[in-house]
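Predicted model only: the values in this text are computed from it and were never measured.
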Amino acid sequence: RLRPTDCDKRDFGRLLAVICSRKLGWAALMCARGALNAGVGLLTCCVPESLHASFVAACPEAMWVPVPESPEGSMALEGLGLIRQHLSEADALVVGPGIGPDQESHSLVREVVKLFSGPILLDADALRPRILDAIEPKDNLVLTPHAGEIKRLAEGLDPMNFARSFAGVVLAKGSRTVIFGGGRALHLFCGSSLLARGGSGDLLSGIVSALMARGNRSNLDCAALGALWHAKSAEALARQHGQEAVTVGQVAEYMSFALRNDF
């Protein structure tokens, strides 16, 4: 629908993103671009302090918060107090893109998710049993794993049974994307193989979490609509430029073609 003429930026959601490490900074930019192009009103991104200046220059539409980092370049646990200041203002939280495998960043994430009672999207290296176990209840969670990450979360159980029985929403990414939630399984039959690139999932996390922050749809509907926009954007890009000589950043730019018929 068209936006009402009498509105404020806060009417379109306030999203807090706890994302990236020094080695995986591109993931933060992909996630941020996805959220911004999905129409979120305010986006605040917590990133390692060494990346702050370059990210402000690369994406000035977001608010970038410099967080203390470990010698390995991941966000340090001492940054919890700083992140906590922004949690009370957020309508939704996205965690994981680019945070990497460092245990200190995982400890930070565990503490952050325990402090937030709103809708949370977990992706990438935040999709670990140790982090998932810290969140109760789980019915306000959206997980966006690929096949390997579902297997890691299932801990020896059948991955699809885990996805079907999970209390929240599981957006199982792949060539045949399936979204599980509320006893339903929604199958996505559009998209393009040009999405088989690093950063594609980070872009999707930004899109879905932006919809969650707006607060006017269920988490299941946010996951389904976000996956559809992501897929349709890739289709539009492939029609114009093919599937090879393109980048994930261009998928974000083509979201306008996917959204313009949604009025």
Side-chain angles (χ1 to χ4, degrees), residues 13-70 72-77 79-80 82-87 89-90 92-102 104-109 112-113 116 120-128 131 142-146 149 173 195 197-213 226 230 233 247-253 255:
R14 297 169 295 182
L15 178 63
L16 178 64
V18 179
I19 45 180
C20 101
S21 59
R22 195 163 60 217
K23 295 178 181 178
L24 299 168
W26 49 268
L29 289 174
M30 290 298 101
C31 183
R33 286 177 183 172
L36 291 167
N37 282 27
V40 72
L42 288 167
L43 172 62
T44 303
C45 300
C46 299
V47 298
E49 56 191 359
S50 62
L51 299 176
H52 177 259
S54 60
F55 282 2
V56 169
C59 185
E61 298 89 347
M63 294 171 284
W64 299 93
V65 178
V67 176
E69 61 188 86
S70 69
E72 292 75 25
S74 63
M75 285 181 283
L77 189 55
L80 178 62
L82 180 61
I83 296 173
R84 188 172 188 169
Q85 295 175 20
H86 297 276
L87 284 172
E89 301 175 354
L93 175 66
V94 55
V95 183
I99 64 168
D102 187 73
E104 184 166 2
S105 64
H106 296 175
S107 297
L108 172 66
V109 165
V112 168
V113 295
F116 190 68
I120 302 174
L121 186 147
L122 297 181
D123 185 31
D125 273 297
L127 291 167
R128 296 180 181 273
I131 294 172
V142 175
L143 313 181
T144 56
H146 56 56
E149 290 162 344
K173 298 178 292 192
L195 290 170
R197 283 174 163 81
S200 175
D202 305 307
L203 186 69
L204 176 62
S205 294
I207 297 169
V208 174
S209 57
L211 291 170
M212 292 164 62
H230 186 248
S233 303
T247 65
V248 170
Q250 287 176 280
V251 177
E253 294 168 6
M255 279 186 65

Practice task
Determine whether the side chains of H146 and E149 contain a donor N or O and an acceptor N or O closer than 3.5 Å.
Solution key: yes
Exercise for the section: Mark yes or no for whether H106, through its side chain, and G100, through its backbone, hold a donor-acceptor pair below 3.5 Å. Expected result: yes
Exercise for the section: Just jot down the side chain to side chain contact (heavy atoms under 4.5 Å, CB included) partners of N37, sequence neighbours excluded, or say none. Expected result: A252, M255
Practice task
Kindly determine whether D125 and V109 satisfy side chain to side chain contact (heavy atoms under 4.5 Å, CB included), including the steps that lead there.
Solution key: CA-CA 10 Å; D125 273 297; V109 165; over 6 Å; no
Exercise for the section: To the nearest 0.5 angstrom, please state how far the CD1 atom of I207 sits from the OG1 atom of T144. Expected result: 11.5 Å
Problem - With sequence neighbours excluded, residues passing salt bridge (charged side-chain N to carboxylate O under 4.0 Å, His left out) with D202 - result: none
Handout entry: S205 side, atom OG; H230 side, atom NE2 - distance, nearest 0.5 Å
Key = 8.5 Å
Handout entry: Residue pairs involving residues 21-50 (criterion salt bridge (Lys or Arg N to Asp or Glu O under 4.0 Å); sequence neighbours excluded)
Key = R22-E69
Completion exercise
Residues passing the ring-ring contact (aromatic ring centres under 6.0 Å, His included) test with F55, sequence neighbours excluded, are W64
Practice task
Would you check, one step at a time, whether the test side chain to side chain contact (heavy atoms under 4.5 Å, CB included) holds for V251 with S200?
Solution key: CA-CA 8 Å; V251 177; S200 175; over 6 Å; no
Exercise for the section: Applying side chain to side chain donor-acceptor pair (under 3.5 Å), name anything that partners S74, two or more places apart in sequence or on another chain. Expected result: S70, D102
Exercise for the section: First locate atom CE of M63, then atom SG of C45, and finally report the distance between them rounded to the nearest 0.5 Å. Expected result: 8.5 Å
Practice task
Mind checking the OG-CD1 spacing from S105 to I131? Nearest 0.5 Å is all I need.
Solution key: 7.5 Å
Problem - Heavy-atom pair of closest approach, residues V95 and A126 - result: O-CB, 3.6 Å
Handout entry: Residue pair V113, L122: steps toward the side chain to side chain contact (heavy atoms under 4.5 Å, CB included) verdict
Key = CA-CA 10 Å; V113 295; L122 297 181; 4.3 Å; yes
Handout entry: Distance in Å, L87 CG paired with L82 CG, rounded so as to fall on 0.5 Å steps
Key = 10.5 Å
Practice task
Grab the two heavy atoms, one from I19 and one from V47, that are nearest each other, plus how far apart they are.
Solution key: O-CG1, 3.7 Å
Handout entry: Nearest heavy-atom neighbours spanning C59 and L29
Key = CB-CD2, 4.2 Å
Handout entry: Heavy-atom pair with the smallest gap, counting every atom of I83 and L108
Key = CD1-CD2, 4.0 Å
Problem - Closest contact, heavy atoms only, C31 versus P97 - result: SG-CG, 4.2 Å
Problem - Derivation of the side chain to side chain contact (heavy atoms under 4.5 Å, CB included) call for D123 and V94 - result: CA-CA 8 Å; D123 185 31; V94 55; 5.6 Å; no
Handout entry: By side chain to side chain contact (heavy atoms under 4.5 Å, CB included) - contacts of A35 (at least two apart)
Key = L15, V40, L43, A210
Problem - From CG (L203) to CZ (R197), nearest 0.5 Å - result: 12.5 Å
